[in-house]
Amino acid sequence: MSNDKWARNAIQSIVRENHGTADTHLFKLPTNFTKADIYLKDESTHPTGNLKHRLAASLFLHALCNGRIHEDTTVFEESSGNTAISEAYFAQLIGVKFIAVVDKNISDEKKKLIKFYGGRLEVFDSSNARKKAIRRLKNRGYYFMNQFKYAEQATDWRGNNNIAETIFSQLQRESNPIPDYIVVGAGTGGTSATIGRYIRYKNFRTKLVVVDPYKSAFFGHWEMGVKQLDKNAEENLAEGIGRPRVEKSFLKEVIDDMKQVSNREAIASMLWLHELTRKKAGPSTGSNIWGSIQIAMENESKAGAKPITIVTLMCDGGEIYPDLYDPKARSQKKGLEDLGYETRLLNTLSATNR
């Protein structure tokens, strides 16, 4: 089989798989807000169980269509887990080798999933060690997927079944087909770039709000152009969002507002979602929910305010964060000994408490 034929087959395999799983569930949270509806788009229903499934498909298609991946190419990625899981899945789908360069602190469940899909792990305890590993692998001729550079380039933001298009398409069945707000995490910057560009392209009135952990460079860059991380900030527990530096895929110009979310707020919101819907999600989803709730509460407090619609994302399932759902294990993490205030606040918002 010629390499050109192999590449064409690989591209078609990814296109077929990606289009078959793109329309994930969208449902309304049962809250007691009278002036706000919050919808959650459940990206955990992808085959690899997370939001990065879409990005991984786009990154592979971007690389394949640019002639950067061949039948004998070894592909590697730096990741906090979810992107590596999804990339390992697509690497296995088209039959190329995959290496994940990860931090030692990512959950064991994520490591197991990367291996399950045929990926090899290289685990390091510092960013400098990961950088050296990346240089070494590039020098061997392996292809670096580099989600932090290519995320905003690889995704077709004008449509083609991307996450923005599916959100607006699904909302056509609801009472307010154009959301007032979409809330997402900063992550690589790729999701916010895609949604922000799509909103502008379609000339929608929707505002894009991005949430970010306190230990992350994105918020300071968006607010004041600062690219240095606050070294005194708390340790971030939400894997997949929050970066020590601003990445090339982060486009602050398409963002209308940003909100910082603490570990306590993210974890409490994650646990609240489980109590509310029986769905287990990770702390990045908790961050999205907390940001969405702040917008809803602000609108609720305005006299004469019109009802609004907010859409946010469920980024992954909570099964890969067992220690955060175990009260004993969770209480041993700094700052999470008592989530009483946040939990009480969230419980007042549940529709069952009317």
Side-chain angles (χ1 to χ4, degrees), residues 43-44 46-60 63 69 73-93 96-140 142-151 154 185-191 213 215-218 229 235-245 247-249 263 282-285 287 315-324 333:
E43 293 291 280
S44 73
H46 283 298
T48 52
N50 70 81
L51 168 70
K52 301 297 185 178
H53 192 84
R54 296 177 190 270
L55 174 60
S58 295
L59 288 168
F60 266 96
I69 296 178
T73 302
T74 296
V75 174
F76 74 97
E77 180 67 283
E78 180 186 14
S79 172
S80 61
N82 280 342
T83 303
I85 292 168
S86 296
E87 287 183 0
Y89 173 90
F90 284 106
Q92 187 178 70
L93 179 70
V96 297
K97 295 178 181 177
F98 177 77
I99 301 170
V101 178
V102 300
D103 186 270
K104 69 174 183 179
N105 293 322
I106 73 165
S107 70
D108 290 339
E109 286 70 21
K110 287 185 178 182
K111 293 174 186 175
K112 289 175 184 176
L113 283 170
I114 293 168
K115 292 178 180 178
F116 176 79
Y117 291 120
R120 193 181 93 207
L121 287 165
E122 293 208 10
V123 183
F124 302 94
D125 60 2
S126 71
S127 59
N128 286 335
R130 292 196 300 277
K131 287 176 184 177
K132 289 179 181 178
I134 290 168
R135 287 196 296 269
R136 170 171 51 80
L137 294 172
K138 288 172 72 174
N139 288 337
R140 289 184 181 177
Y142 299 165
Y143 178 69
F144 183 25
M145 294 296 279
N146 202 351
Q147 58 174 318
F148 301 107
K149 179 179 180 180
Y150 294 121
T188 61
T191 301
K215 189 175 183 181
S216 177
F218 291 122
L229 176 66
E235 180 183 359
N236 176 36
L237 295 178
E239 296 176 8
I241 61 173
R243 297 287 295 169
R245 63 183 181 277
E247 304 293 350
K248 292 182 179 179
S249 286
N263 286 329
S284 55
T285 302
S287 297
C315 305
D316 55 15
E319 294 78 13
I320 53 178
Y321 307 99
D323 58 330
L324 294 178
K333 295 183 181 293

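Minimum interatomic distance between S44 and G317 (heavy atoms only, all atoms of both residues): CB-N, 3.7 Å. Residues A151 and S249 share a closest heavy-atom pair of N-OG, 3.2 Å. Shortest non-hydrogen contact noted between K104 and K111 is O-NZ, 3.2 Å. The shortest heavy-atom contact between A84 and S79 is N-OG, 3.2 Å. Minimum heavy-atom separation, I106 to S80: CG2-O, 3.2 Å.
In this structure, CD1 on I320 lies 6.5 Å from CG on N50, to the nearest 0.5 angstrom. T48 OG1 to R54 CZ: the interatomic distance, rounded to the nearest 0.5 Å, is 11.0 Å. Note that the CG atom of D103 and the CZ atom of F124 stand 10.5 Å from one another [nearest 0.5 Å]. Interatomic distance, CG of D108 versus CG of L113, reported as 11.0 Å (0.5 Å rounding). Separation of atoms CD (E43) and NZ (K52) is listed at 11.0 Å; rounding is to 0.5 Å. Here the CD1-CZ distance, from I134 to R130, works out to 8.0 Å after rounding to the nearest 0.5 Å.
Remark: side-chain polar atoms of T188 are not paired, donor with acceptor, to backbone N or O of F148 under 3.5 angstrom.
A 4.5 Å side-chain heavy-atom check between L324 and P283 finds at least one atom pair inside the cut-off. Taking 4.5 Å as the limit, some side-chain heavy atom of L121 sits within range of a side-chain heavy atom of I114. With contacts defined as side-chain heavy-atom distances shorter than 4.5 Å, the pair E77/L59 qualifies. Within the 4.5 Å cutoff, side-chain heavy atoms of Y321 are placed close to those of D316. Between N82 and L51, every side-chain heavy-atom pair lies at or beyond the 4.5 Å cut-off.
Judged as a salt bridge (Lys or Arg N to Asp or Glu O under 4.0 Å), and not counting sequence neighbours, the contacts of E122 are R120, R136.
Side-chain contact, T83 with Q147: a donor N or O sits under 3.5 Å from an acceptor N or O.
Electrostatic pairing of R245 and E247 counts as a salt bridge here, judged by a charged N lying under 4.0 Å from a carboxylate O.
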Residue pair D323, K333: steps toward the side chain to side chain contact (heavy atoms under 4.5 Å, CB included) verdict
CA-CA 10 Å; D323 58 330; K333 295 183 181 293; 2.9 Å; yes

Given F144 and L137, is the side chain to side chain contact (heavy atoms under 4.5 Å, CB included) satisfied, shown in steps?
CA-CA 8 Å; F144 183 25; L137 294 172; over 6 Å; no

Step by step, would you call M145 with Y150 a side chain to side chain contact (heavy atoms under 4.5 Å, CB included)?
CA-CA 8 Å; M145 294 296 279; Y150 294 121; over 6 Å; no

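A perpendicular orientation is assigned to the rings of Y89 and Y117, their planes being inclined by more than 60° (bins at 30° and 60°).
Between F98 and F76, the ring center distance fails the sub-6.0 Å criterion.
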